[in-house]
Amino acid sequence: MKTIHLFLALLLTLAASNSSFANDQQTALAVLSSDAVLQQKAEACQQLSRIGDADAVPVLAALLNDPQLSSYARTGLELIPAPEAGQALRAALSTLKGRQLAGVVNSLGKRGDESAVPALQRLVTQDQTIVAPVALAALAQIGSDAALSTIRTTLESGPAALRLPAAQAAIDATDTLIKNGNKTAANELLKAVLGAALPEHIKTTAKALTRSIQTESGFINMFDGTSLKGWDGDPAFWRVEGGEIVGETTAENPTKGNTFLIWEDDAVADFELKAEFKLRNHNSGIQYRSFPVKGQRWVVGGYQADMSEGNKWTGAVYGEKYKQIMAVPGEKSIVGATPKQKQHVASLISRAALHAHLKADEWNEYHIIARGNHCIQMINGVITAEFSESTEDRLKSGLIALQLHSGPAMEVRFRKLRLRELNPEDKKEILFLAGTQSHGYGAHEHKAGSMLLARSLNESGLDVIAQVVTEGAWPEPWMGYQKPDSIVMYCDGYKGHMAKAHQDKIQILSDAGVGVACLHFGVEVEPSELGTQFLDWIGGYFEIGWSVNPHWTPEFTEFPDHPISRGVEPFAIKDEWYYHMRFQPEMAGVTPILSALPPLRTLTDRANDSNRGSNPVVLAKVSAGEQQHLAWAYERANGGRGFGFSGGHFHQNWQQDDFRKLVLNALVWTAHGEVPAAGVPSRTPSAADLELNQDSPKPSR
């Protein structure tokens with residue numbers, strides 16, 4: 001017996017040095033049936049996990065209740081593909097306890113064993129602190145309808161102790177469902193997570209997954225990944241390679257002029273297009289709303305989302321055989337009848353910031369939105385160019401194509417091309433009416449603030465599109481449409497309020513259910529001129545002699561259960577926060593969004609200012625500890641919505657994420673858009689972003 005033992009030990013030593021048993025299942029089984037030491041038996045189990053078949057199952061199953069070898073035997077059964085291995089693991093569910101049972105449950109999950117679901121469902125309902133969470137994770141890995149139903153039920157009505165593991169299981173399952181294209185089931189799980197009492201970090205993850213599903217809904221694939229079916233281009237230059245469309249010219253095989261791979265579907269008018277690209281050398285682009293050039297096969301003209309070597313033109317809009325440069329990188333423009341009639345409207349991002357955002361020699365994603373006479377181009381989620389074409393004979397629809405530029409040898413690659421055609425109801429349209437220059441650098445930056453908020457909305461991935469016009473340009477039709485879904489007045493107020501000259505127009509919009517939002521000084525009006533209208537449009541206003549406008553730092557710790565509050569965390573920020581507004585009688589239709597108790601000094605320090613500083617009524621209310629409302633939502637009887645926000649004096653405050661998110665949420669809400677559970681997503685503006693479009697230059701000191 002001793003001789004056999006030594007011989008087997010020698011075999012195992014040699015086998016271990018080569019990380020295998022030379023595929024000898026019988027040798028491994030013999031070790032498990034001998035009196036070999038623990039390490040040798042463990043190595044035998046590992047070997048069987050790689051080469052074992054149905055004959056190995058009974059031996060491994062017999063070791064599942066062995067305290068020292070259980071995990072090795074279980075892993076062996078987990079990896080053996082024979083159905084007998086699954087049967088053995090399921091049978092062990094009724095005989096094992098504690099960690100050994102949890103291990104078997106985990107293995108069944110990794111096997112994706114749908115036959116184990118009924119037993120795993122029973123384990124979830126049993127009072128086993130170790131096993132139930134593992135069973136939920138296993139059900140997530142299995143992912144059948146019955147398995148996912150158990151996870152949802154646990155989230156909705158299960159024990160409190162299991163909500164967190166059930167949420168993690170739901171998130172794990174959701175990730176798999178999204179990758180497999182089953183977005184309906186993924187949404188149901190995420191709704192259960194968002195509806196349960198859970199830590200905020202779990203809900204944040206669920207909200208992000210929800211946004212990823214919503215963002216891609218309605219898109220069709222333009223490229224099947226294996227062929228150029230549906231595309232027409234010169235086969236001398238275009239091919240499919242590794243799931244990518246490749247356009248290439250060489251010194252030996254140049255193209256005489258720009259040549260295009262044209263999507264053969266009908267002309268597209270309003271749409272969203274997403275495509276990843278990687279450029280090596282020279283210049284390329286994505287054509288949209290393009291037209292065929294007569295007499296030239298595989299040649300088109302029209303709008304082009306540009307890309308170039310060194311990124312000099314990457315992100316720009318070029319009019320191929322049309323109007324040439326329509327918007328340089330980082331520019332918002334209006335394009336007239338000729339190239340010379342292009343007008344610069346605003347800066348969207350600096351060249352340096354744009355170049356830092358692009359991924360050198362890696363895949364970057366273009367996102368193009370064309371709606372009416374307004375087009376937006378984004379790369380990696382950041383707007384790189386935006387333009388409106390003002391002439392009636394503008395390009396309203398056309399072909400989509402990929403460009404291969406003439407000149408030096410080059411290669412461009414495209415993948416993940418997706419398209420969503422838009423109908424008028426697909427987008428909520430928000431119009432910012434930006435007031436004129438006011439207070440100097442960094443304060444009352446109406447144009448810069450409006451541009452920053454509009455850019456955030458346009459980059460959000462929501463079905464919202466925002467445009468900014470200056471006070472002098474309003475009320476001209478916006479984007480070719482007569483009626484936006486909401487208007488935003490960010491401007492000086494009182495006797496100089498922009499609404500005075502246009503109140504009839506605003507009343508027509510308000511009566512039609514269009515949202516109205518006013519920011520900072522824009523909430524102050526002369527009562528005899530616009531007080532009644534503002535009560536009707538947004539539910540309240542600032543009144544001289546009644547309301548006050550001190551600079552102070554309120555702390556916002558609680559928010560109402562309202563879409564505007566979604567995803568907003570407690571914050572404190574110094575601003576010129578107005579309070580003690582005139583509201584609708586009995587606050588009818590008004591929901592306070594931001595409320596705080598001001599320090600008494602905000603009134604006593606300005607006791608002599610009878611206009612905007614203090615008055616006996618507000619002093620008495622603050623002294624008595626009465627909360628004051630600094631931002632509010634209003635619902636009109638006709639279904640229209642209003643929003644008043646007294647902050648926004650300091651331009652730099654838009655850099656505070658919760659301050660900005662609350663306003664973005666409100667603007668989407670006033671337009672009757674759906675505010676995501678985590679609030680409207682937006683990137684934090686950089687210092688360079690804040691400098692863009694300010695009316696006054698930055699002081700030298």
Side-chain angles (χ1 to χ4, degrees), residues 219 263 267-275 277 285-291 300-307 313-339 341-349 354 365-403 417-424 426-432 451 454-455 457-469 477-481 484:
F219 282 81
W263 197 49
V268 182
D270 292 356
F271 65 90
E272 285 188 74
L273 184 149
K274 296 183 180 183
F277 68 93
I286 300 173
Q287 293 287 140
Y288 57 101
R289 286 191 178 171
S290 294
F291 49 86
V300 299
Y303 303 154
Q304 180 186 122
D306 211 342
M307 59 189 77
W313 293 104
T314 300
V317 186
Y318 183 73
E320 178 86 7
K321 299 187 182 300
Y322 188 54
K323 294 180 180 179
Q324 301 176 3
I325 299 171
M326 306 184 73
V328 299
E331 181 183 37
K332 174 180 170 62
S333 66
I334 295 176
V335 179
T338 67
Q341 292 177 321
K342 181 176 82 72
Q343 302 174 42
H344 174 86
V345 174
S347 297
L348 300 164
I349 188 171
L354 174 56
E365 183 186 65
Y366 244 126
H367 181 185
I368 302 166
I369 303 173
R371 176 68 185 275
N373 69 337
H374 185 229
C375 298
I376 296 172
Q377 294 180 183
M378 289 184 271
I379 297 180
N380 301 333
V382 172
I383 297 176
T384 64
E386 182 177 344
F387 74 97
S388 297
E389 193 171 14
S390 61
T391 57
E392 180 55 34
D393 61 348
R394 61 182 172 83
L395 298 178
K396 298 180 177 68
S397 67
L399 301 170
I400 293 172
L402 309 177
Q403 185 202 56
L417 293 100
R418 296 98 73 202
L419 179 73
R420 177 172 76 154
E421 294 194 63
L422 300 176
N423 295 315
D426 285 338
K427 286 282 180 185
K428 298 299 182 183
E429 301 154 2
I430 298 176
L431 171 60
F432 285 81
M451 286 300 307
R455 187 205 66 194
L457 289 168
N458 289 332
E459 289 179 355
S460 70
L462 304 179
D463 279 346
V464 174
I465 196 161
Q467 180 67 291
V468 179
V469 296
W478 166 60
M479 275 179 44
Y481 297 91

* To do: Dump the intermediate steps for side chain to side chain contact (heavy atoms under 4.5 Å, CB included) on Tyr318 and Ile325, then the final yes or no.
  => CA-CA 5 Å; Tyr318 183 73; Ile325 299 171; 4.2 Å; yes

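- The nearest pair of heavy atoms linking Ala370 to Leu422 is O-CD1, 4.3 Å.
- Interatomic distance, Leu417 CG to Ile400 CD1, rounded to the nearest 0.5 Å: 9.0 Å.
- Side chain of Tyr288 to backbone of Gly302: no donor-acceptor contact under 3.5 angstrom is found.
- Panel note: side chain Ser333, backbone Phe387; no donor-acceptor pair is recorded below 3.5 Å.
- The shortest distance between side-chain heavy atoms of Arg420 and Asp463 falls below 4.5 Å.
- Side-chain N or O atoms of Gln377 include one that pairs as donor or acceptor with a backbone N or O of Ala316 at under 3.5 Å.
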* To do: For the pair Glu331 and Lys342, evaluate side chain to side chain contact (heavy atoms under 4.5 Å, CB included) and give the outcome as yes or no after the intermediate values.
  => CA-CA 11 Å; Glu331 181 183 37; Lys342 181 176 82 72; 3.0 Å; yes

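- For the atom pair CD (Gln341) and CD1 (Ile334), the distance works out to 12.0 Å, reported to the nearest 0.5 Å.
- The shortest side-chain heavy-atom distance between Val268 and Glu421 falls under the 4.5 Å cut-off.
- Tested against His367 for a side chain to side chain donor-acceptor pair (under 3.5 Å), the candidates Glu272, Glu459, Arg418 yield a single pass: Glu272.
- Partner of Ile376 under the side-chain contact (heavy atoms from CB on, under 4.5 Å) criterion, chosen from Thr384, Ile465, Leu348: Ile465.
- For NZ of Lys396, the number of neighbouring non-hydrogen atoms (other residues, nucleotides, ligands) closer than 6.0 Å is greater than 12.
- The distance from atom OG of Ser388 to atom CE of Met326, rounded to the nearest 0.5 Å, is 10.0 Å.
- Proximity of Lys323 to Thr391: side-chain heavy atoms (C-beta onward) are separated by under 4.5 Å at one or more points.
- Listed for the Asn380 side chain is a donor-acceptor partner under 3.5 Å among the backbone atoms of Glu365.
- Listed for the Arg394 side chain is a donor-acceptor partner under 3.5 Å among the backbone atoms of Gly372.
- In this structure, Asn458 contributes its side chain and Ala466 its backbone to a donor-acceptor pair below 3.5 Å.
- For the pair Trp313 and Asp306, the tightest heavy-atom approach, listed with the atom from each and the gap, is O-CB, 3.4 Å.
- Atoms CZ and CG, on Phe219 and Leu273 in that order, are 8.0 Å from each other to the nearest 0.5 Å.
- The shortest side-chain heavy-atom distance between Val335 and Tyr303 does not fall under the 4.5 Å cut-off.
- Between Leu462 and Leu457 there is no side-chain heavy-atom pair separated by less than 4.5 Å.
- Across all non-hydrogen atoms, the minimal contact from Ala346 to His344 is O-CE1, 3.2 Å.
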* Between Ile383 and Ile349, does a side chain to side chain contact (heavy atoms under 4.5 Å, CB included) hold up when you go through it step by step? -> CA-CA 8 Å; Ile383 297 176; Ile349 188 171; over 6 Å; no

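- Here CD1 of Ile286 is found 4.5 Å from CE of Met307. Values are rounded to the nearest 0.5 Å.
- By the salt bridge (Lys or Arg N to Asp or Glu O under 4.0 Å) test, Arg289 is found to be paired with Asp270, residues two or more places apart in sequence or in another chain being considered.
- Distance check, rounded to the nearest 0.5 Å: CG of Leu395 to CG of Asn373 gives 11.5 Å.
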